[in-house]
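Some notes on the structure that comes next.
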Protein chains: 2
Amino acid sequence: MAKRHTHTCPIAGVLNIFGDNWTWLVIREAFYGATRFSEIQRNTGIAKNVLSDRLDVLVNEGILAREDVGENGTRYAYRLTAKGESLHPVLLALHQWGNEHVYGPGNEPVLLLERATGKPLQPLAPTSRNGRRLTRADILTRPGPGASKATVRRLAEADASLA
Amino acid sequence: MAKRHTHTCPIAGVLNIFGDNWTWLVIREAFYGATRFSEIQRNTGIAKNVLSDRLDVLVNEGILAREDVGENGTRYAYRLTAKGESLHPVLLALHQWGNEHVYGPGNEPVLLLERATGKPLQPLAPTSRNGRRLTRADILTRPGPGASKATVRRLAEADASLA
DNA sequence: TCATTTGGTTTTAATTTGCAACCAATATAT
DNA sequence: ATATATTGGTTGCAAATTAAAACCAAATGA
């Protein structure tokens, strides 16, 4: 992994776990039901030493659980925890953006469909409590309880610059 | 950037652009209204040679537009294009996950609020056309028009493994 | 005219990636 | 019981990338 981000920011925090070229592919494999080291390795093309390291990180972060499927052995299944499952909307958002903007409509490699209707999943978007789609202008970013001084200042600058 | 992903997959396609430690922070800065090289550099902590390279990639991908703010000079503003703006839901999803799972409730560095009500933005989640929240089980992944043979096979395996 | 700012480039050391060979322990086949 | 295959790595090393610091040309401001 590259330099670790230390400033208090949710995006930076995510990058401390996912800010490399492979980890989202490992997560994709987990959502596709892959559990074994060589299964994940084969389906992603990742180098074995890198995969070993990334799995360690994901287990340490509580995103995957390592389960011994032998008996005191060297056979493990890596399964999503509840924390790992909570990545689903993020993965869907990445997936939808990739379909639309990397491949383009009509060229999507993998479609996301509603099981009940067979129709394409609607794009994930911020919505209000009464169900209305929200735009960027409808959303504020504000310092939260965990904000550092630097974060408070950055958000104030952002507010001034976008107003 | 590390090894380029060549298999046809929306997540892999996204990682070919964003699969490093800094690019999402550059995008965050763009959404916060930062436009100048040193502004982005200061607010992220990124090395200048790396930032120069990442900005090149984002401009080449049509996500940021480089605008000469002098006259035939060396002063540029980097602004989000429509394609860049379309990253907003992805950034929000990352942001919400980071708030919830990296920092935890009560410790969020940056709150996302609905401007109209001042209340926290609802978590982004897949929803049906009639507004119902969808679970993982409600969503199918199917080969799309741009699917490779390998992708078709992988999705069939995933189907079998998750059924 | 001089100083400062901007957006880099270059150099170099440190770190990470990726490949291939190798390994220990377990499971399977004979 | 023994040999073979599988699993999940580790190791060594070369290549690639990152990161820091110094440096640079051109534009802008004093």
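Residue numbers begin at 1 in each chain, while the letters A, B, ... track the order of the sequences.
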Exercise. Hey, what's the ring geometry for B:His88 with B:Phe31, parallel, tilted or perpendicular (30° and 60° as the breaks)?
Worked result: parallel
Grab the N/O contacts between the protein and nucleotides 11-13 of chain C below 3.5 Å, and write none if there aren't any.
none

For this session: Treating Ile, Leu, Val, Met, Phe, Trp and Tyr as nodes and any side-chain heavy-atom pair under 4.5 angstrom as an edge, say whether A:Ile40 and A:Leu58 lie in one connected cluster.
Result: yes
For this session: Could you check how far OH of A:Tyr76 sits from P of C:dA25, rounded to whole Å?
Result: 12 Å
Exercise. Could one point to a donor on the side chain of B:Arg75 or the base of D:dT28 with an acceptor on the other under 3.5 Å away?
Worked result: no
Problem set entry | Distance test, side-chain N/O of B:Arg66 to OP1/OP2 of C:dG8, below 4.0 Å | yes
Exercise. Taking the side chain from A:Thr81 and the backbone from A:Ile63, do they hold a donor-acceptor pair closer than 3.5 Å?
Worked result: yes
Exercise. What integer distance in Å separates B:Leu51:CG from D:dT18:C1'?
Worked result: 13 Å
Exercise. Whole-Å distance between D:dT17 P and B:Lys3 NZ?
Worked result: 13 Å
Exercise. How long is the line joining CG of B:Asp53 and P of D:dT18, in whole Å?
Worked result: 7 Å
Exercise. Think B:Arg66 forms a cation-pi with B:Tyr76, using NZ or CZ under 6.0 Å from the six-ring centre and within 45 degrees of its axis?
Worked result: yes
Exercise. Is A:Lys48 side chain donor-acceptor paired with the D:dG9 base, going by distance under 3.5 Å alone?
Worked result: yes
Problem set entry | All side chain to side chain contact (heavy atoms under 4.5 Å, CB included) counterparts of A:Thr127, not counting sequence neighbours | A:Arg133, B:Gln122
Exercise. So A:Phe18 and A:Trp24, would you call those rings parallel, tilted or perpendicular, with 30° and 60° as cut-offs?
Worked result: parallel
For this session: Round to the nearest Å and state the distance from A:Glu67 atom CD to D:dG8 atom C1'.
Result: 16 Å
Problem set entry | Closest contact, heavy atoms only, B:His7 versus A:Asn43 | NE2-O, 4.4 Å
For this session: Measure from CZ on A:Arg54 to C1' on D:dG9 and round the result to the nearest Å.
Result: 15 Å
For this session: Check the distance between C:dT16's C1' and A:Trp22's CH2 and give it to me in whole angstrom.
Result: 14 Å
For this session: Could you list by number each residue of residues 33-46 of chain B showing a heavy-atom separation from DNA chain C of less than 4.0 Å, or answer none if no residue does?
Result: B:Arg36, B:Phe37, B:Ser38
Problem set entry | Audit row: B:Leu51, B:Phe37, side chain to side chain contact (heavy atoms under 4.5 Å, CB included) steps and yes/no | CA-CA 8 Å; B:Leu51 177 55; B:Phe37 183 99; 3.9 Å; yes
For this session: Could you tell me whether B:Arg36 and B:Glu29 make a salt bridge, using a distance below 4.0 angstrom between a side-chain N and a carboxylate O?
Result: no
Seminar exercise, completed: Rounded to whole Å, the CG-P distance (B:Asp68 to C:dG7) equals 10 Å
